Peer 1: 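Starting off with a structure, shown below.
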Amino acid sequence: MSKAQQGTAIVTGASAGLGKIYADRLARRGYDLVLVARRGDKLAELADTLSMQYGVQVRPFVADLSRSDDVERLADLIRDDASITLLVNNAGVSVPGATTTLDPADVAWQQAINVDAVNRLSLAALPQFLARNRGTLVNIASILGFGFLPSSTFYSAGKGHVANLTRALQNEVQGTNVRVQLVAPSVTATEIWEEDRLNAMDPRIVMTAEDCVDAALAGLDLGEQVTFPSVEDAQLWKNFEEAAARLMQGAMSGKPASRYLAAAHA
Ligand SMILES: NC(=O)c1ccc[n+]([C@@H]2O[C@H](COP(=O)([O-])OP(=O)(O)OC[C@H]3O[C@@H](n4cnc5c(N)ncnc54)[C@H](OP(=O)(O)O)[C@@H]3O)[C@@H](O)[C@H]2O)c1
């Protein structure tokens, strides 16, 4: 596709990690870019590099997505700029810790960025994409949206929300040209990890940000709705989906399961 046809991609969290690689790969594919993050200096530097390297237009958009006024400013841009054809909701933070040790303010901050901003920006983008019958929404969740570790309680809860939201949105856009992809990375070497924690891990379970984004984009090109960049056995996801569908169906019985009736009458 020519540059003019690709349109503009918005990448949140583009100053580092996966977002920075998304910015590079999308610029290489000919997208003009809007790069969102708090660190304007990093965005400006990246914008210069990418526009020079790939000849695309790159606009830094400094915003703190934990602030609703900044999220709203970005939502306005999404609504007003008809050139936008792709939104990558990538910005994210991790506040690890057990419930007994976590500060509720930190949990609310994580929720604002990882969940509330994703809701708001998805709500801004999809109606526009549907009205034009064109556009792609990519939401970055995590394998921890499908499970949890002792220290990931609220992070997992938020990523579970993003996973379910994105699956449900896919249902809504069925039969249109609008695409919605859920990406669920596993451990990837980025700034989101404390260096000591990352260094203590078995290097065999750690992916590079480049590999993660390249796999996610390959999944998009292959037409996948859900991409697990590091999961070799694709059947695992099919089994998961089938089990979830069977559970939903099993819940539609309209009466208490016999084991509860038996227990209630014991
Ligand atoms: N790395 C992993 O192991 C892993 C695994 C699964 C899922 N993920 C998910 O992948 C996504 C990208 O994470 P990453 O690993 O690339 O992390 P990262 O290297 O820490 O980068 C996070 C990006 O988000 C931006 N960001 C953070 N807080 C923000 C805020 N309040 N407002 C605007 N931007 C903000 C940061 O920019 P500024 O600091 O400049 O604002 C940065 O560009 C996240 O959603 C994360 O949950 C990561």
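Bear in mind the structure is a predicted one, so any value in this text is a computation, not a measurement. Indexing begins at 1, ligand by ligand and atom by atom, following the structure's order.
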Peer 1: Does an N or O anywhere in R38 fall below 3.5 Å from an N or O of ligand 1?
Peer 2: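 Among all N and O atoms of R38, at least one is under 3.5 Å from an N or O of ligand 1.
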Peer 1: Between ligand 1 and V36, is the shortest N or O to N or O distance under 3.5 Å?
Peer 2: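 The answer is no, given that V36 and ligand 1 share no N or O pair closer than 3.5 Å.
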Peer 1: Would you call the rings of F228 and W237 parallel, tilted or perpendicular, taking 30° and 60° as the class edges?
Peer 2: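 Plane angle between 30° and 60°, so tilted.
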Peer 1: Does a side-chain heavy-atom distance below 4.5 Å link D76 with I78?
Peer 2: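 No, their side chains stay 4.5 Å or more apart.
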Peer 1: Would you indicate which of V213, V162, I192 comes nearest to atom 17 (O) of ligand 1 when only heavy atoms are counted?
Peer 2: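 The nearest heavy atom belongs to I192.
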Peer 1: Any chance the side chains of Q110 and D106 put a donor and an acceptor closer than 3.5 Å?
Peer 2: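 No, no side-chain donor-acceptor pair sits under 3.5 Å.
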Peer 1: Which one of F61, W193, Y155 has a non-hydrogen atom at the shortest distance from atom 2 (C) of ligand 1?
Peer 2: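 Answer by nearest heavy atom: W193.
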Peer 1: Tell me: protein heavy atom nearest atom 12 (C) of ligand 1, and distance?
Peer 2: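 Checked against all protein heavy atoms, atom 12 (C) of ligand 1 sits closest to N90 OD1, 3.1 Å.
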Peer 1: Who's the nearest protein heavy-atom neighbour of atom 31 (N) of ligand 1, and how far?
Peer 2: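 Nearest neighbour among protein heavy atoms for atom 31 (N) of ligand 1, to 0.1 Å: D64 OD1, 2.9 Å.
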Peer 1: Got a sec: does the CD of E241 have more than 12 other heavy atoms crowding it under 6.0 Å?
Peer 2: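 Above 12, so yes.
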Peer 1: Do we see a donor-acceptor contact under 3.5 Å between the side chains of N119 and H161?
Peer 2: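 Yes, because at least one side-chain N or O of N119 sits under 3.5 Å from a partner of the opposite role on H161.
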Peer 1: Select one of side chain, backbone, both or neither to describe which atoms of K159 lie under 4.0 Å from any atom of ligand 1, heavy atoms only.
Peer 2: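 Only the side chain of K159 comes within reach of ligand 1.
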Peer 1: Looking at non-hydrogen atoms alone, which of S230, A91, A112, A117 comes nearest to atom 26 (N) of ligand 1?
Peer 2: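 Selected option, by shortest heavy-atom distance: A91.
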Peer 1: For the 3.5 Å polar cut-off, considering only N or O atoms, please tell me whether P185 and ligand 1 meet it.
Peer 2: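 Not met; the criterion fails.
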Peer 1: Between R246 and Q249, does any side-chain donor sit less than 3.5 Å from a side-chain acceptor?
Peer 2: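 No - no donor-acceptor pair under 3.5 Å links their side chains.
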Peer 1: Is there a ring-ring contact (aromatic ring centres under 6.0 Å, His included) between F148 and Y155? Walk through the geometry before answering.
Peer 2: CA-CA 9 Å; F148 46 86; Y155 180 83; over 10 Å; no
Peer 1: Starting from atom 15 (O) of ligand 1, what is the nearest protein heavy atom, named by residue and atom, and what distance separates them?
Peer 2: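 Answer for atom 15 (O) of ligand 1: T190 OG1, 2.5 Å.
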Peer 1: How far is atom 36 (C) of ligand 1 from the closest protein heavy atom, and which atom is that?
Peer 2: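 Of the protein heavy atoms, S15 OG, 3.8 Å lies nearest.
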Peer 1: To which of S186, A184, A141 does the heavy atom nearest atom 7 (C) of ligand 1 belong?
Peer 2: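 Nearest heavy atom to atom 7 (C) of ligand 1 lies in A141.
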Peer 1: Between ligand 1 and N114, is the shortest N or O to N or O distance under 3.5 Å?
Peer 2: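 There is no such contact.
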Peer 1: Below 4.0 Å, non-hydrogen atoms only: which portion of T188 touches ligand 1? Side chain, backbone, both or neither.
Peer 2: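 For T188, the contact with ligand 1 is made by both the backbone and the side chain.
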Peer 1: Which atoms of ligand 1 are found less than 4.0 Å from any heavy atom of I113?
Peer 2: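 Reading through ligand 1 atom by atom, the close ones are 31 (N).
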Peer 1: Identify, with sequence neighbours excluded, every residue that meets salt bridge (charged side-chain N to carboxylate O under 4.0 Å, His left out) alongside D202.
Peer 2: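 With neighbours one apart ignored, the set is R204.
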Peer 1: Nearest heavy atom to atom 21 (O) of ligand 1: which of A14, A63, A16 does it belong to?
Peer 2: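 Checking each option, the heavy atom nearest atom 21 (O) of ligand 1 is found in A16.
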Peer 1: So is there a nitrogen or oxygen of G13 less than 3.5 Å from a nitrogen or oxygen in ligand 1?
Peer 2: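 Between G13 and ligand 1 (N or O atoms, distance only) the closest approach is under 3.5 Å.
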Peer 1: Can you pull out the closest protein heavy atom to atom 34 (N) of ligand 1? Residue, atom name and distance to 0.1 Å, please.
Peer 2: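 Minimum-distance protein heavy atom for atom 34 (N) of ligand 1 reads A37 CA, 3.8 Å.
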Peer 1: Below 3.5 Å, N or O to N or O, backbone or side chain included: is there any such pair between L65 and ligand 1?
Peer 2: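 Yes; the residue has a nitrogen or oxygen that sits under 3.5 Å from a nitrogen or oxygen of the ligand.
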Peer 1: Taking N or O atoms only and a 3.5 Å limit, does W109 qualify as a polar contact for ligand 1?
Peer 2: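 In fact, backbone or side chain, W109 has no N or O that close.
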Peer 1: Return the closest protein heavy atom for atom 16 (O) of ligand 1 as residue, atom name and distance.
Peer 2: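 The answer is L18 N, 2.8 Å.
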